[in-house]
Each structure stands twice: as structure tokens, then as C-alpha cells.
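What follows is one structure encoded as C-alpha cells, with my remarks underneath.
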Amino acid sequence: MPPTPEQILAGLNPEQRRAVETLEGPLLVLAGAGTGKTKVITHRVAHLLARFVAPESVLAVTFTNKAAREMKERISALVGAGEAGRLAVGTFHAFCVRRLRRHAERLGLPRGFAICDAADQLGAVKEVLRDLRIPEKSLAPGRVLSRISLAKNRLWSPDELAAGAGPDGPALAAAWERYDALLARRRQLDFDDLLLRTLRLLREDEEVLAACRRRWRYVLVDEYQDTNGPQYEIVRLICAEHRNLCVVGDDDQSIYSWRGADVSRILGFERDFPGAAVVRLETNYRSTAPILALANRVIGHNPARHPKELRAATAGGEEPCFLEARDEEDEADFIAREISFLVRRGEAAWRDFAILVRTQTQPRVFEARLRAAGVPYRLAGSSSFFDRKEIRDLLAYLKVVANEDDEVSLLRILNCPPRGIGRTTVERTLAWATERGLGAGAALARLDEIDGIPPAARQAAARLLADLAALRRRAGRDLVGLLEELLKRSGYRAEVERCYPDPEARRVRWAAVEELLNFAENHQRRSARPSLAGFLEELTLNAADQEDQEDGETDAVALMTLHAAKGLEFPRVYLVGLEEGLLPHARAAAEDGIEEERRLAYVGVTRARRHLTLSYAAERARRGRRRRTTPSRFWFELQGEPPPPGWRPVEETLAPAAG
């Protein structure tokens, strides 16, 4: 029997209850760290259903597959799997993929378009830079890709990027136009395009927009502070008439401006949606009162924020510890020894600890000290299942089977395993194809027309094309059978044996191949209409969601950046490197990003449940030389003290160099 409205509301505090019961009109729920944000979202959906709102009328979007799964599971626990299964709950990107698959022809897109993953995007940018004769040393491909992505997320045009990106602007704009043209030729969209094309569909097709508005009468957006330009516009268009939009977020945890998130969206919600109700969730169920006192103290220095103050649900707690270390070695050594001491005394488990850093280079010294102390650790985000060579190789085969215009994947598998198609053959084939305006696949089928191609290479290419054609005929709902046929035709086990002569390494690598077979079996079992395109789409979206790759069950100390720690919590946290130039980061300080750096410090503090240690090193090695450091402004703000006389912020130390 479905729960009644009162049963759903039971156990909520007054603020949570108000957020759940406010069903009509725009609603902004300011959910401070640890205040039960997910509980409010899931109970609000359940309350809508208990009030006889059709499940098909509810759309809930969030940012990661992990968050979407948790939302679905918790709603199912409240209302039952049947009702929950009729809801539209997922990530922004998954929502957009479904719209584009359904209405591809309205935008002139091929229905079978592929989604370009991060590695393919980088490969495309490198190809574009070569075509433009721009050396990678002068304009790094990764930087080009991030600037194009940021421009897309800000809804800029190439001309606006050219005008607003400094001296590199014109080159970036030219690379962007070539990059988009290359993806179009390959029938691919990148992750940003999924959002932009959906926005264009809603803006230009009144019929599709009207259908979306009729269907989704109640829209919920999780982590609203992380929305970028296209996401905001998509939500605004769908909700413009009924205005039943509930957004949940925390401007104090907006830390992703570098990938397009715009904190002004949540700060300006009441302006954008006049008459909006605002509910503040300030009762924190995670951290102790002394830890929250520090969090409130530091974030209170940000002028652009919604006023709110976290309150601990229970009294008491240990005062945070402030550690002044001699240097980074001393900082890491003290922390490693303390963790080892507490675990060996039985006061904690390894998994209770997290060491949070600002930059990707800081973990190196901690890794060395943790290993020396015999402390097991996991470096969050250091590797992904989808980054393994064998997985990328096999996915490249599948991508070419699904999309014969996918040149990046075709070039990857041409000689993998080695089949006698050497670099010279590839270069001559690509040059010939470029002269005639052909793709690599079309040129490969005409090797007999290209001078200087050895007979063995022609025969190997013909066999590969024949194998791919046979696999395309086999492609259907039996994905496991397709993969097994692929492994057989390609002789891929021999490739694993060639690359990894050590038996144990070979076993581990082949286990990854078998796990891909497991993924295929799971997709077949869960999908109503399993397909190769759907399987690749699912894998690509999952690979982009780094949060899904973290193994929170491992009994090891978590070593991670502050950005990676967002959304997590630990009994014991070390927030390290509180120095000017590190936290706040020098680049952020130079670009007027101090408020976001302060939000990063706030996020770090609020990851701790019971114990918090904050540290800085008086000296730190930089560029091979040992230098004195300056304690972070946040170090003093957290303690409620002014900096000492003579203290200088990092902006002042950068000013002479900038001039």
C-alpha cells in the first residue's frame, strides 16, 4: 500500500517539511552541507506522488550517475519500485541524450550519432592543431579543449571566444570551428554538444518544447549551484509556463566555475523566478558544533552569498587541531604517523581518514610517507577502468562497428594487434584521403589506388575491413556474443600476452576484458531493447562520471583533492597546505577567484564528522628550491584572528611579476 502524505512527512524537521510540502510555484531550497539535501528531494518526489501527481509528470535531474542512482533507490524505498520506475530521474546529459535520440532528424543529426569521450575529444583537438599548423608547445591540446568547453558552457560563439580569450583567442576560435566540423564528419557529439543541441531543439522547435512542458509539470534540479548556461536555459524553458520548479543547492559549495558552473544562477534565483519561496536548511546532521563553528567563520567572509549558518544537530565535540609543520615532509610525516598510531590502537579504521589537498602535485609526498609508515591509501581519481589500454582498444573496435566514420577509433585499431599496417602506410593513406576529401575508412578501402603501400599492408587492411563488416552484420541484441566474436576475430588475447609477459599482469589485464563482457551482459539484462549503440552510450556516460569510479568500500586512507571530496564525508579529515599560493591557489587569486577558493576551504572543513586537523608547512620546495611560505588568509579566518603585521596576500607577491 502506498504511503500517505503524513507518513512521508514523518521524521522531517520543520524546514525540511516546509520544503517537501511546497509543491506549487518556484522554490529555492538552500541546503547547507550535511543538512539532508537528498532526503528533501526524495521525500518531495514521494509527496508529489502521494498527492496523486502522475509519476510521468515529474522530472528530477542531477549531475552524476551515482547521485541519480541514489535518488532512484531512495525514492523506490519510499513509494515502491513500480511507481519510481515511471519517474524521469537522471543526469542532465542522460536527459539530453534521450531527447536528441528521439528528435535527431529535427536538428539534422543522424539518429545513430556517437558520443565522443574525453580521449576522443583530445585526439580530435590534436588533429585540428596539426591541420592549423599550431605546435602543441605553444597551445596545449588539453588547454584548447578546456577553453572550448568553457566557452560552450557559457553559451559563447567562436567569435566571442576569439574576442574574450586574450592573445590566443583567434587560434582557439579557429580550432573550435575545425573541431566541430571534424566531429560532425565523424557523426559524433561531445558532452557539451549534448546540452547545446538540446537547448537548440527546445528553442527552435515549438512542438517539442510544448510536449516537454505538457509532460513534465514538476521539475526538480539537484546541486543547482553547479548549473552552467545551457543547463539553466533548458530548465528555464521547460518551466516557463507552469513554474513548478524546485532547485536544491548551496551557493557556499559552488566550486566548479572552471568547467562552466555559474554561482550567479543560484544567487539570482529569486530575480529569475519572481515570487519564489525560499527555504533554508541549516541543521547539520554530519559534523560536530566546533567543526561547524569554523565552517561558518570562514565562509562568512564571502560577501556574495545567501546568508545562512549551520547548526549542529547534537551538542559537544572535539575542537579542531591546527598544525604548523616545518616543511611538507614534516607535515606528511606527522599525519602518516598519527593515522598509523590511531588505527593500531584500535581507535579508528583506515577508511575513517581523508587527506584533502588543493593541487594534483601535493599527494606525492603524502604517498611516500604513507607507504613508509605502512598505511594503506587510495589516491582518488588516479585511474579509471575505462582508461586501461585493453578497454580502450576493445571499445574502439565496437565504436567502429557502430560508426564506420569514427576515424579516431579506426586509427587506434588499425594495427592493434599488430597486423602489418605500419606508420608509413597510415601516413600515406591519410595524406591521400585529405587530398580527396575522404575519411580514413573510405581511403582504407581503396589502398590499391595509393602508391607505395606494401602488398602485406593491403591484405591486412582488407582482412580488417572484412572482419568489421562481419561484426556489423552480427551487431544486434546479443552484445556478449558480439564481443566474443570480436575477441576471436581480432586475436586480442595474443595482444594481451604480447604486451604483458608477466603472468600476474596478464591475468589482471584479461580480467578487465572479462569485466567488459560482464558490462555487456548487464546491459542486455537490464535494457528493454539492448543495442550496441545503447551499450556504448551507457559506457561513455559512465566513464565521464569520475565519481562512479571511486571504491568507497576499500579499507584505506582516502587521499584526494578538495574538488574530488565534494559530496563525501569522513569521521577524520586532514585539510592540508593552508598557504597563500596553494589554498587560495595563486592562479585563482590572480584571476579574482578568492571567493571560490574560500568555498573550497569550506567544503574541506565540512567533510569532517568528528575530527578535523588543519595544517600548513612553513617551508615548501618549489621548482627545485626550498622557499618560505605564507600562511593562508583562511588559516586566520578559521581561527577568527586577523593576519599578523607584515602578512601579505599572494596577489601582492604576484603583482611585480605580472607587471
Derivation of the side chain to side chain contact (heavy atoms under 4.5 Å, CB included) call for E318 and T288: CA-CA 8 Å; E318 180 182 293; T288 62; over 6 Å; no

Steps toward side chain to side chain contact (heavy atoms under 4.5 Å, CB included) verdict (L583, Y616): CA-CA 10 Å; L583 183 62; Y616 83 90; over 6 Å; no

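Between K39 and E70 there is no salt bridge, since no side-chain N of the basic residue sits under 4.0 Å from a carboxylate O of the acidic one. Under the 4.0 Å criterion applied to side-chain N and carboxylate O atoms, E73 and R69 are not assigned as salt-bridge partners. R18 has no carboxylate O lying under 4.0 Å from a charged side-chain N of E15, or vice versa, which leaves the two without a salt bridge. Looking at K308 and D252, a side-chain N of the basic residue comes within less than 4.0 Å of a carboxylate O on the acidic one, giving a salt bridge. A salt bridge is defined here as a Lys NZ or Arg NE, NH1 or NH2 lying under 4.0 Å from an Asp or Glu carboxylate O, and E637 with R633 fails to meet this definition. No salt bridge links E331 with R369; every basic N to acidic carboxylate O contact stays at or beyond 4.0 Å. One finds a salt bridge joining R311 and E282 here, because a Lys/Arg side-chain nitrogen approaches an Asp/Glu carboxylate oxygen to under 4.0 Å.
Here the two rings, on F63 and F92, have centers that are under 6.0 Å apart.
F95 carries R99 over the face of its six-membered ring, with the cationic atom under 6.0 Å from the centre and within 45° of the normal.
For the residue pair Y232/D272, the side-chain donor-acceptor check at 3.5 Å is satisfied. Side chains of E367 and Y377: a donor on one and an acceptor on the other come within 3.5 Å. Side-chain atoms of E223 and Q225 include a donor-acceptor pair closer than 3.5 Å. Using a 3.5 Å distance cut-off with no hydrogens or angles, the side chains of H43 and Q16 do not pair a donor with an acceptor.
Taking the side chain as every heavy atom from C-beta outward, P55 and L49 approach each other to under 4.5 Å. Looking at L582 and T629, their side chains never come closer than 4.5 Å, going by heavy atoms from C-beta outward.
Note on ring orientation: taking the six-membered ring where Trp is involved, the planes of F636 and W647 are perpendicular (angle over 60°, cut-offs 30° and 60°).
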